[in-house]
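Naming convention: chains lettered A, B, ... in sequence-line order (proteins, then strands); numbering from 1 in each chain.
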Amino acid sequence: MKRLLQVFLGVLTAIGGFVDIGDLVANALVGARFGMSLAWVVLVGVVGICLFAEMSGRVAAVTGRGTFDLVRERLGVRAGLLNLVASMLVTFLTLAAELGGVALAIELATSVNYLLFVPLVAFLVWFVIWRMPFEHMERAFGLLGLALVVFAVAFWKLGPDWGSMLHQASHPAVPDGEGHPTYWYYAIALFGAAMTPYEVFFFSSGAVEEGWTKKDLMIERINVYLGFPLGGLLSIAIAGCTWLVFMPAGVEVDHLDQVALPVALAAGKVGLAFVIVGFVAATFGAALETGLSTGYSIAQYLGWSWGKSVAPVRAARFHAVVLVAIVLGAMLILTTVDPIMVTEYSIVFSAVALPLTYFPILVVANDPGYMGEAVNSRLTNALGTAYLGLLTVVSLAAIPLMVATKAGQ
Amino acid sequence: MRRGVALLLALLTASCVSPSRTDRDYELKAGNSAKAVASSVATALLGVEAARRHRAPGPYLSVLIASAEEDASSVQSQFDSVQPPSAHADAQRAELDDLLSQAVDGLALLRITVRRGELDQLDTKARPLRAVLVRLRTLSEEWQ
Amino acid sequence: MRGSDVIGLPVLGRGGRVLGKVLDVRLVQDGPLRGAYAALRVDALVVGRHTVAAHLGYDRARVNGPWLVNAVVNALTRGNGLLPWDEAEIADGVVRCERDALDPVPPI
Amino acid sequence: MMAGRVLDLALHLLDRQIIDTDGNPVGNVDDVEIDESGYVEALLVGPQAVAGRLGGRLGEWLAFWTRVLQGGTEPTRIPVDLLTDLGSHITVARSRTELGAHRNEDRAREYLIGRIPGGRREGE
């Protein structure tokens, strides 16, 4: 019974933890401009993140090692460093975007300019990392993030024509007035939002922190295989809401305040309250994860002590990196750069950086020297190879498409 | 690192504003500006709709409408800074600029009303904006 | 000497023909006892062209999946060979030897 | 003497995590020292050793800053006599303080992390 509850809570946490500022912005934007015609990308992204998270979780449970520890061993000091720098730039941009997202969400409730909240939010993010036990932290924000389920409720209340929705989703076509490059540019953005690399750094390092062993793998798989797809459905519901409300009105989504509007229209003030709580929880939770991920990755690459499971003074350099990353992230947002724009760039660059960590994990997951009996199955490898190809194409196409479409204009 | 990111962002966005050389370029720019402001106005009007049905509180509406107004006025000032290449373009400029001013003024009025807490008056005060929205849409389609 | 002084050096065969570069150093644990282990003795140099491909483990360790990656990496590392340490002469940033070809690399 | 185990330096030794006798991470194997007669003498740990491997401008840059910030040009040296396990990570029979590989961690603790309230509480 207790085990069942644990699984249940784990799945809920994974759903609530799936959505972050990138998913919110990308899905809302895409829903308003492309309707359901890009919903398939979320599906492809969810399968990808399930595959990647399962592999890295298994590697972490069997070897007790974090991602960048292995990346450096497999790629060597030079290629590993390049990899680390690229991945950390993306994670840092994401961290900044999440910090901005929390502040913007609080602005929605208070109508006080978000910039005033940024220092406070940064402090709180650091403080939670400093004081709150790992498991409580993950669970609290994951569960609060479930408030975003109100998007699904709103979508249902807005009363879509289910038949035409299914038709649109299953017969994707570029809508009138949009070019093919723009369509593919947003496909990549949506894909990058669903498959952000920090999720994997956090997930595998978290597995090491919580001391997973092979026995925990079953629970891990259930969490991933149920939680992420349901989180993906939530993403599609966000796109669905903006599709129904904004597309007919010719509205393009440029602000977080707009993302909440369909829910207000469909579910009123209570719905809006849920949305704001969900925004705060999802972005705050992701800020914690990205902040920790910078520390995890750098410490693992350099062979330092890391993690929340030891006293901070015993992992002083790790905590110093986390602190510096949060301060710099807050400073980036305080330059008054638009956090939504930072988000859009962070998800596209995520797509660019994905193969850098995916490939070494795929190789290590096949290495009996590390994995023993727990190497990839043939099915996992078949899927893994297909995604390696896909990620490579996406990574190579992202920047040219960004330039060609002037970042999706 | 931060400077590098800022530089990259600046490079990537620098391509947004460029001088227009021909009438066709100008017309496209005008059409896009009309479309962008129509999007802001439509957002605000949806907010007004939510207020009319008592589905959104004042602080939220104030943020929503203020950011729509900010976007609209930034589009307007960008459009105004573009050099019209001909007399024909001059006429287009006059027509659209007038409309954009009406949109920005209308949005400002809504913002003031929300911040005074007079949510029940929003619907009435939004009336002129509806007409502006229709004309903006017409122009944006005409100048595609 | 450090390991990094050798790894990456170009390897020239008879008549200055380029055989590749040093990708790795093969060590054998058969020296006198040092602490818990027998000392590690340099036995040979692994020579080839593609550094990253050689470090993935497909050519020498027992990694062999996924199939496609295996095939590509094996194609890249096919030309790798072994040069016994006592035949290698290191001077002026190059490794020289009196050979036309390298020994095959036995897996570990 | 019987034929010993075969290891490849880059594949099995370089970049592996080193764990000290208390289970604390010491660092990675950043380089190794090989003596005249071809025996591995010691593992080298620290940015000074990484700089040599990176080479080029980046290596010089790293070496420069390490010299400025840390004062030493020599990496931490772990004689092979101290190794107790050569597996997916490498364990040594000394603590990281005894090895002298603790200075940067100490510095981060002394100047920053140790001064923040709550830094010394037990981990979870």
Side-chain angles (χ1 to χ4, degrees), chain C residues 1-9 21-48 50-63 73 77 80-90 93 103 105-108, chain D residues 1-16 21 28-56 59 62-63 73-88 90-94:
Chain C
M1 184 180 74
R2 287 187 186 175
S4 61
D5 295 337
V6 189
I7 292 177
L9 295 184
K21 60 186 172 189
V22 180
L23 301 176
D24 210 336
V25 178
R26 178 145 294 190
L27 306 170
V28 182
Q29 218 165 24
D30 62 359
L33 201 65
R34 301 273 313 257
Y37 285 101
L40 291 159
R41 179 179 57 81
V42 176
D43 182 55
L45 301 175
V46 180
V47 179
H50 299 278
T51 316
V52 171
H55 287 173
L56 296 175
Y58 288 87
D59 56 335
R60 288 164 285 158
R62 291 171 298 147
V63 193
V73 177
T77 54
N80 289 3
L82 218 51
L83 175 66
W85 180 240
D86 43 23
E87 291 183 43
E89 248 180 78
I90 304 176
D103 297 340
V105 188
I108 300 178
Chain D
M1 187 156 290
M2 62 174 218
R5 175 155 76 125
V6 176
L7 286 174
D8 281 350
L9 177 62
L11 204 56
H12 298 113
L13 222 46
L14 286 181
D15 302 316
R16 298 261 161 158
T21 184
N28 291 311
V29 182
D30 292 320
D31 211 336
V32 300
E33 195 178 286
I34 299 169
D35 72 4
E36 302 287 294
S37 46
Y39 285 105
V40 176
E41 269 301 306
L43 308 183
L44 304 175
V45 183
Q48 300 91 340
V50 176
R53 270 177 80 201
L54 285 176
L62 180 62
T73 52
E74 287 305 307
T76 303
R77 204 170 159 278
I78 303 175
V80 286
D81 311 60
L82 301 178
L83 307 186
T84 51
D85 187 19
L86 281 177
S88 76
I90 291 161
T91 51
V92 293
R94 291 281 187 281

Worksheet item: Should C:Arg26 and D:Val6 be marked as a side-chain contact (heavy atoms from CB on, under 4.5 Å) after you check the CA-CA gap, both sets of side-chain angles, and the distance that decides it?
Response: CA-CA 7 Å; C:Arg26 178 145 294 190; D:Val6 176; 3.6 Å; yes
Worksheet item: Given the options D:Ala10, D:Pro79, D:Ala49, D:Ala42, which has more heavy-atom pairs under 4.5 Å with chain C than any of the others?
Response: D:Ala10
Worksheet entry | Heavy-atom side-chain proximity of C:Val28 to D:Arg5 below 4.5 angstrom | no
Item to complete: Determine whether C:Arg34 and D:Glu41 make a side-chain contact, defined as any pair of heavy atoms from C-beta on separated by less than 4.5 Å.
Response: yes
Worksheet item: Tell me, side chain or backbone of D:Asp85 under 4.5 Å from chain C's heavy atoms, or both, or neither?
Response: both
Worksheet entry | Working for side-chain contact (heavy atoms from CB on, under 4.5 Å), residues C:Leu40 and D:Leu13 | CA-CA 11 Å; C:Leu40 291 159; D:Leu13 222 46; 4.2 Å; yes
Worksheet, complete the sentence: When rounded to the nearest 0.5 Å, the distance separating CZ of C:Arg41 from CD1 of D:Ile34 is 12.5 Å
Worksheet item: Does any heavy atom of chain D fall under 4.5 Å from the side chain of C:Val46, the backbone, both, or neither of them?
Response: side chain
Worksheet entry | Contacting region of C:Ile7 [heavy-atom separation from chain D under 4.5 Å] | side chain
Worksheet entry | Minimum heavy-atom distance between C:Arg2 and D:Glu74, given as atom pair plus value | NH2-OE1, 4.0 Å
Worksheet entry | Engaged part of D:Leu86 at the chain C interface, taking heavy atoms whose separation is under 4.5 Å | both
Worksheet item: What pair of heavy atoms forms the shortest contact from C:Gly3 to D:Asp31, and how long is it?
Response: N-OD1, 3.3 Å
Fill in: C:Tyr37 OH to D:Thr84 OG1 distance, which is reported to the nearest 0.5 Å
7.0 Å
Item to complete: Pick one of side chain, backbone, both or neither for C:Ala54, based on which atoms fall under 4.5 Å of a heavy atom in chain D.
Response: backbone
Worksheet item: Would you find more than 12 non-hydrogen atoms of other residues, nucleotides or ligands less than 6.0 Å from C:Glu89 atom CD?
Response: no
Worksheet item: Out of curiosity, D:Arg53 CZ to C:Asp5 CG, how far, rounded to the nearest 0.5 Å?
Response: 12.0 Å
Worksheet entry | Atom pair CG/CG of D:Leu7 and C:Asp43 - distance to nearest 0.5 Å | 11.5 Å
Worksheet item: Roughly how far apart are D:Tyr39 OH and C:Asp30 CG, rounded to 0.5 Å?
Response: 6.5 Å
Discussion item. Please classify the contact between D:Glu36 and chain C as side chain, backbone, both or neither, with a heavy-atom cut-off of under 4.5 Å.
Written reply: neither
Worksheet, complete the sentence: CZ of C:Arg60 to CG of D:Leu11, rounded to nearest 0.5 Å, is 5.0 Å
